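Okay, structure first, notes after.
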Amino acid sequence: MNRNDTCEIYCYDEEKVKRIQGDLKTVDISNVAQLFKVIADENRAKITYALCKNEELCVCDLANILGVTVANASHHLRSLYKQGVVKYRKQGKLAFYSLEDEQIKQLMTIALAHKKEVKVNV
């Protein structure tokens with residue numbers, strides 16, 4: 001970080017700070033952070049994207065899309081399932097995964113649109 005991207009003096013708006021601190025007590029930021037954290041893994045992001053493009057895919061499909069083993073794909077899918085990103089159903093010996101809800105698809109769509117518009121500040 002350089003000196004131009006920080007305040008040169010220390011002062012804050014007490015009213016804004018207290019209001020937002022109060023707001024933070026009413027929302028579950030921890031679970032939101034966990035949701036973003038689980039999707040932040042590149043393979044899990046690819047799984048989420050693939051499920052945005054196709055409503056339902058089996059573990060074998062996802063493993064081939066990612067170029068990983070079925071065991072590796074299953075590991076990532078379990079993590080996504082635990083955080084409520086995906087759901088699954090069994091059909092005979094196959095396990096089919098889909099996104100838990102439309103909001104997950106919206107998050108991925110918004111994130112991709114954002115990255116197209118914004119250049120990374122490095």
Side-chain angles (χ1 to χ4, degrees):
M1 243 167 132
N2 64 44
R3 302 290 285 168
N4 292 330
D5 58 5
T6 63
C7 294
E8 293 182 29
I9 61 169
Y10 180 76
C11 69
Y12 66 96
D13 186 323
E14 188 173 356
E15 182 183 324
K16 287 179 187 176
V17 169
K18 286 184 185 240
R19 178 176 44 82
I20 295 169
Q21 284 175 333
D23 289 349
L24 281 170
K25 292 176 183 173
T26 66
V27 295
D28 191 356
I29 290 294
S30 177
N31 276 338
V32 172
Q34 287 301 314
L35 170 66
F36 284 118
K37 184 177 178 180
V38 76
I39 297 174
D41 176 89
E42 189 172 344
N43 279 334
R44 293 180 199 142
K46 287 177 181 179
I47 290 170
T48 304
Y49 177 80
L51 292 171
C52 286
K53 291 299 186 183
N54 203 83
E55 226 173 89
E56 187 177 69
L57 294 165
C58 81
V59 178
C60 301
D61 292 333
L62 289 163
N64 279 284
I65 289 167
L66 297 176
V68 299
T69 65
V70 170
N72 186 269
S74 293
H75 165 76
H76 289 299
L77 286 161
R78 274 191 297 282
S79 296
L80 290 166
Y81 175 77
K82 286 178 186 175
Q83 288 301 319
V85 175
V86 299
K87 58 187 175 185
Y88 72 93
R89 69 177 181 84
K90 288 286 281 188
Q91 183 176 325
K93 294 184 178 188
L94 299 175
F96 289 90
Y97 281 82
S98 58
L99 296 177
E100 179 63 43
D101 55 40
E102 185 64 24
Q103 286 81 15
I104 301 297
K105 186 174 185 177
Q106 290 172 358
L107 283 173
M108 182 59 76
T109 302
I110 290 167
L112 288 167
H114 173 74
K115 291 312 292 174
K116 279 185 180 178
E117 292 177 16
V118 177
K119 178 184 158 206
V120 177
N121 297 316
V122 180

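Just so we're clear, the structure is a prediction, and the values are computed from it rather than from any experiment. In this chain, residues are counted from 1 in sequence order.
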Give the cluster check for [X] versus [Y]: same hydrophobic cluster or not, with ILVMFWY residues linked at side-chain heavy-atom distances below 4.5 Å.
X: L51; Y: L35; value: yes
X: I47; Y: V68; value: yes
X: V86; Y: L94; value: no
X: I104; Y: I110; value: no
X: F96; Y: L99; value: no

Would you name the heavy atoms of [X] and [Y] that are closest together and state the gap between them?
X: D41; Y: H76; result: OD2-CE1, 3.5 Å
X: K90; Y: K93; result: NZ-O, 4.0 Å
X: S79; Y: V38; result: O-CG2, 3.6 Å

Show your working on side chain to side chain contact (heavy atoms under 4.5 Å, CB included) between H75 and R44 and close with a plain yes or no.
CA-CA 10 Å; H75 165 76; R44 293 180 199 142; 3.8 Å; yes

If you define the side chain from C-beta out and look only at heavy atoms, does anything of N72 sit under 4.5 Å from N43?
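Side chain of N72 against side chain of N43, heavy atoms only: contact under 4.5 Å found.
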
Please examine the side chains of D61 and Y97, heavy atoms only from C-beta on, and report whether any two atoms are closer than 4.5 Å.
no

Within this structure, what is the [atom1]-[atom2] distance for the pair [X] and [Y], rounded to the nearest 0.5 Å?
X: Y49; Y: T109; atom1: OH; atom2: OG1; value: 9.0 Å
X: L24; Y: T26; atom1: CG; atom2: OG1; value: 7.5 Å
X: F36; Y: Q83; atom1: CZ; atom2: CD; value: 12.0 Å
X: D101; Y: Q106; atom1: CG; atom2: CD; value: 8.5 Å
X: K53; Y: M108; atom1: NZ; atom2: CE; value: 11.0 Å

For the pair C52 and K105, evaluate side chain to side chain contact (heavy atoms under 4.5 Å, CB included) and give the outcome as yes or no after the intermediate values.
CA-CA 6 Å; C52 286; K105 186 174 185 177; 3.7 Å; yes

Output yes when a side-chain donor or acceptor of D28 lies under 3.5 Å from a complementary backbone atom of N31, and no otherwise.
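Side chain of D28 to backbone of N31: a pair is present.
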
Could you check whether E42 pairs with K46 (Lys NZ or Arg NE/NH1/NH2 to Asp/Glu carboxylate O, under 4.0 Å)?
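Salt bridge: yes.
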
With V17, the side-chain contact (heavy atoms from CB on, under 4.5 Å) member among E15, E14, Q21:
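It is Q21; the other options fail the test.
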
